Amino acid sequence: MVQFRQDNVEDFYDITEEIGSGQFAVVRKCVEKATNKVFAAKFIKKRRARSSRRGVTKEDIEREVNILSNVEHDNILNLYEVFESNSEVVLVLEMVAGGELFDFLAERECLSEAEAIVFLNQILSGMDYLHDRNIAHFDLKPENIMLYNKCEDPHRIKLIDFGLAHQIEPGKEYKNMHGTPEFVAPEIIAFESIGLPADCWSIGVITYILLSGCSPFLGDDKSETFENITRVDYDFDDEYFDGTSDLAKDFIQQFLIRDPRKRLTVKDSLSHPWIKGA
Ligand SMILES: Cc1ccc2c(c1)c1c3c(c(C)cc1n2CCCN)C(=O)NC3=O
C-alpha cells in the first residue's frame, strides 16, 4: 500500500495551471522543486461524512491509488506519490503532454484504418494487461486516452483516470451505475452484474468513433442514448463507413454484443484478423 504523505504538497511542488476538472477532482500541472520535473497533480476532495454526497470516500480513493500503484505498463499512466490533507488527497501522476485522443481525432474528423489500428494496438495492450489482473477501467472513452507527446512520438498513448476502476473478484457480483452515457455497456444501464466485458463494449464504441468520427448510440439526450444502447441500435451508415473494410466492421460488431458473455474479450481481439492483419 502506497504511503499517503501527510506533508503539504506545496512544500515539494510548484502547483501551476489547471489542466482538467471533474465532479470532485481538479487536475493541475505541477513541477517538483527538487528535480524540476513536470507532473500532473490530481486534487481529490475527501468526503467529510458518511451521509454526505459531496467528495470521494477514502475507500474509493484508496481503490484508485491501489490499482495505480500495482500496475506498470507502457500504455498506462504512472502514479508517482500521494499526499493527504484534512480536506483532500493529491495524486502526483505522470504528465502526458500530448493532449486527448479526442482532440487529435477532432482535428482529423476520422482516422485511416491503419492509424486507428496503431492506437488500438496500444489500447488493447494496456487493457489486456489490466484484464489479465481482473482490473476493469469502467470509464474508457477518448477523453481518457491521452497522447504521450505530440512531437516525439505522436502515436504513443497512455490510459488515464482510474477513478472508476475496480479489481473484479471472480465469482463476486459487482453492480454500479457510473461511466459516461455514450460509452457505457447495456448491463450497466440495466444495473446488472458488471465486469471486464463492460470495457470491451466501450472499446467497440471507441473503435466506431475512431473510424467514422460518429458516436454509434448518441441520442438527443441521455435517455435516448440509453435506449439506443439497451436496444443495441446502431448501424454502419454508408455516409461514414462507405470505405471501411468488412474486417473493421466485424471487429466492432463483436464488441457491441448485448450479452457480456458472448462479447469479444480483449485477449481474443488481439488475434482478430483486422488487428493481426495490420
Ligand atoms: C496536457 C494535459 C491536458 C489535460 C489533461 C492532462 C494533461 C491530464 C493528465 C492526467 C489526468 C487525470 C487528466 C488530465 N487532463 C484533463 C483532461 C483529461 N481528459 C494525468 O493523470 N496525467 C496527465 O497528464
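Please read these numbers as outputs of a predicted model, since none were measured by experiment. We count residues from 1, following the sequence as given. We count ligands from 1, going down the list as the structure has it; atoms in each ligand are counted the same way. Values below: all heavy atoms of this structure, side chains included; hydrogens, waters and symmetry mates excluded.
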Item to check | Option passing side-chain contact (heavy atoms from CB on, under 4.5 Å) with Thr225 (candidates Thr180, Asp220, Ile189, Leu218) | outcome: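 Exactly one pass, corresponding to Leu218.
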Next on the checklist: Under 4.5 Å between side-chain heavy atoms, counting indirect links through other Ile/Leu/Val/Met/Phe/Trp/Tyr residues: same cluster for Val96 and Leu68 or not?
Outcome noted: yes
Checklist entry - Would Phe138 end up clustered with Phe24 when hydrophobic side chains under 4.5 Å apart are linked, directly or stepwise? => result yes
Checklist entry - Should the ring pair Tyr129 and His73 be called parallel, tilted or perpendicular, given that the plane angle runs from 0 to 90° and is split at 30 and 60? => result tilted
Next on the checklist: Could you tell me if Gln122 and Tyr148 have a donor-acceptor pair between their side chains, going purely by distance under 3.5 Å?
Outcome noted: no
Check ligand 1 against the protein and report each N/O to N/O distance under 3.5 Å, formatted as atom name, atom name, distance.
residue	atom	partner	partner atom	Å
ligand 1	19 (N)	Glu100	OE2	2.8
ligand 1	19 (N)	Glu143	O	2.6
ligand 1	22 (N)	Glu94	O	2.8
ligand 1	24 (O)	Val96	N	2.8

Next on the checklist: Taking salt bridge (Lys or Arg N to Asp or Glu O under 4.0 Å) as the definition, give me every residue that meets it alongside Arg63, ordered by chain and number, with sequence neighbours left out.
Outcome noted: Glu59, Asp60
